[in-house]
Number of protein chains: 2
Amino acid sequence: MITPEDKFRSYLKSRGLKFTPQRSFILKEAFFFQGHFNVDQLYEKLRKRISRATIYRTLSLLVKGGLIEETFRCQDKGSYEYIFGRKHHDHLLCIKCGKIIEFREDKIEKLQEEVCKRYGFTPIEHRLGIKGYCEECSKSLKKG
Amino acid sequence: MITPEDKFRSYLKSRGLKFTPQRSFILKEAFFFQGHFNVDQLYEKLRKRISRATIYRTLSLLVKGGLIEETFRCQDKGSYEYIFGRKHHDHLLCIKCGKIIEFREDKIEKLQEEVCKRYGFTPIEHRLGIKGYCEECSKSLKKG
DNA sequence: ATTGTAGTTGAGATTAAATTGCAATTAGGA
DNA sequence: TCCTAATTGCAATTTAATCTCAACTACAAT
Ligand SMILES: [Mn+2]
Ligand SMILES: [Mn+2]
Ligand SMILES: [Zn+2]
Ligand SMILES: [Zn+2]
């Protein structure tokens with residue numbers, strides 16, 4: 001059973017990089033969010049131990065190591081998502097309350113592959129984000 | 001036959017805003033790109049007449065007026081696309097040469113609507129970007 | 001366990017995109 | 001033509017993100 005730490009350690013080793021306490025804390029904290037987070041949220045929790053610069057540097061390594069992914073930007077800030085051990089998914093974003101709904105639609109994924117074939121394009125990653133109003137906010141808009 | 005200027009003028013009027021020479025030039029120049037562009041490219045062409053601040057302010061109005069759209073960010077810069085009179089489409093982005101390929105896949109659009117229904121979600125806009133290697137870059141990667 | 005060294009850290013400086021304050025200017029309705 | 005709220009350019013400011021560098025440390029070789 002390979003753990004996130006195993007994966008990060010082996011990524012670092014493969015590049016001659018070191019597994020430091022800071023990197024360990026950031027990985028754990030990112031996991032703790034189990035969802036979407038940004039540098040500020042992480043820094044808030046780690047400010048006593050770790051500098052912003054190190055957080056930025058480590059997030060970049062976690063992305064390269066395949067443990068987290070950069071998602072859509074929120075309020076001009078980069079936003080991340082823990083992906084280790086999770087399946088790929090896309091997002092619905094409520095522009096009223098900020099709710100994020102994750103969805104998975106294999107037919108869309110398949111069709112994307114077809115599109116790529118059509119253009120001789122080799123896909124590496126993709127991002128589909130749909131902005132709008134969630135169920136609750138849709139209702140309150142119709143009422144109000 | 002409604003022109004882009006008509007549309008912009010009526011948006012501005014509806015908000016009590018003015019159609020200035022600067023706004024007119026920026027609209028025309030944005031149209032001239034007929035594709036994806038950023039503030040720098042626009043400023044490069046208009047620097048003699050128009051300040052950066054005005055460009056930023058006007059682009060924001062053009063977005064609200066439905067004449068252009070903010071697309072994915074490129075190299076940490078906001079990127080825009082002229083949309084007046086064009087059909088919606090999504091993008092393939094080559095991470096090697098920077099090429100942008102536009103595509104339209106109605107089946108994907110339909111499926112997105114289904115996903116939204118499933119969650120009671122009211123979609124307003126969406127963005128699908130697929131990053132990878134274009135045909136030429138795929139070939140050169142296999143060779144080299 | 002000790003040592004050597006290449007990688008890492010935090011603090012602050014720096015970069016660069018984007019926004020803002022303000023005095024001078026102007027669009028456009030009355 | 002006049003009036004005034006909107007607009008502009010400029011410079012200052014904000015802010016996410018990166019960089020510099022001296023002190024520190026992980027970790028592999030001894
Ligand atoms: Mn998610
Ligand atoms: Mn396009
Ligand atoms: Zn909502
Ligand atoms: Zn290419």
Side-chain angles (χ1 to χ4, degrees), chain A residues 5-6 8-30 36-65 67-81, chain B residues 5-6 8-30 36-65 67-81:
Chain A
E5 189 176 311
D6 290 338
F8 195 27
R9 289 191 107 110
S10 81
Y11 167 77
L12 292 171
K13 196 162 214 173
S14 76
R15 304 273 162 147
L17 306 176
K18 294 169 181 175
F19 186 78
T20 65
Q22 288 89 341
R23 289 174 183 174
S24 171
F25 281 126
I26 292 169
L27 173 57
K28 284 196 189 105
E29 207 56 59
H36 306 89
F37 63 90
N38 62 35
V39 169
D40 281 350
Q41 293 174 301
L42 220 44
Y43 182 63
E44 195 52 41
K45 296 219 167 196
L46 295 168
R47 60 160 73 233
K48 285 158 201 156
R49 320 172 124 164
I50 305 176
S51 72
R52 268 206 146 79
T54 296
I55 290 178
Y56 276 109
R57 289 187 281 230
T58 302
L59 288 179
S60 164
L61 293 172
L62 287 169
V63 168
K64 287 177 203 146
L67 290 140
I68 66 174
E69 223 172 58
E70 224 182 318
T71 58
F72 36 80
R73 302 178 68 82
C74 284
Q75 299 145 250
D76 284 320
K77 291 175 190 173
S79 178
Y80 297 86
E81 166 166 43
Chain B
E5 189 175 311
D6 290 338
F8 194 27
R9 288 190 109 108
S10 82
Y11 167 77
L12 291 171
K13 196 163 213 171
S14 76
R15 304 273 163 145
L17 308 177
K18 295 170 179 173
F19 186 78
T20 64
Q22 289 88 341
R23 288 174 183 174
S24 170
F25 282 126
I26 292 170
L27 172 59
K28 283 194 191 108
E29 206 57 58
H36 306 89
F37 62 91
N38 61 37
V39 170
D40 280 350
Q41 293 173 302
L42 221 43
Y43 181 64
E44 194 53 39
K45 297 219 168 197
L46 297 168
R47 59 161 72 232
K48 284 159 201 155
R49 321 172 125 162
I50 305 176
S51 71
R52 269 207 145 78
T54 296
I55 290 179
Y56 277 109
R57 290 187 279 230
T58 302
L59 288 179
S60 164
L61 293 172
L62 287 169
V63 168
K64 287 177 202 146
L67 290 140
I68 65 175
E69 223 172 58
E70 223 184 318
T71 57
F72 37 80
R73 300 178 68 80
C74 284
Q75 301 145 248
D76 285 318
K77 292 176 191 172
S79 178
Y80 297 85
E81 167 166 41

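In what follows, every chain begins at residue 1, and chains take the letters A, B, ... in the order their sequences are listed.
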Does OP1 or OP2 of [N] have a side-chain N or O of [X] closer than 4.0 Å?
X	N	value
A:T20	C:dT9	yes
A:R23	D:dA26	no
B:R73	D:dA16	no
B:Q22	C:dA27	no

Inset, instruction - Could you check whether B:R15 gets within reach of a base, just the sugar-phosphate, or nothing at all, counting any heavy atom under 4.0 Å? - result: nothing

I need the [atom1]-[atom2] distance between [X] and [N], as an integer number of Å.
X	N	atom1	atom2	answer
B:R57	D:dA11	CZ	C1'	12 Å
A:K13	D:dA26	NZ	P	15 Å
B:R52	C:dA18	CZ	C1'	10 Å

Inset, instruction - Determine the minimum heavy-atom distance between A:S14 and A:Y11, stating which atoms define it. - result: OG-O, 2.6 Å

Legend entry - Considering all heavy atoms, the nearest A:F19-A:S24 contact: CZ-CB, 3.5 Å

Output the single nucleotide from [options] whose closest atom is nearest the side chain of [X].
X	options	answer
A:K18	C:dG28, C:dT8, D:dC10	C:dT8
B:Y56	D:dT8, C:dA18, D:dC27	C:dA18
B:A53	D:dA11, D:dA6, C:dA11	D:dA11

Legend entry - Six-ring centre of A:F25, A:R49 cation under 6.0 angstrom, axis tolerance 45°: yes

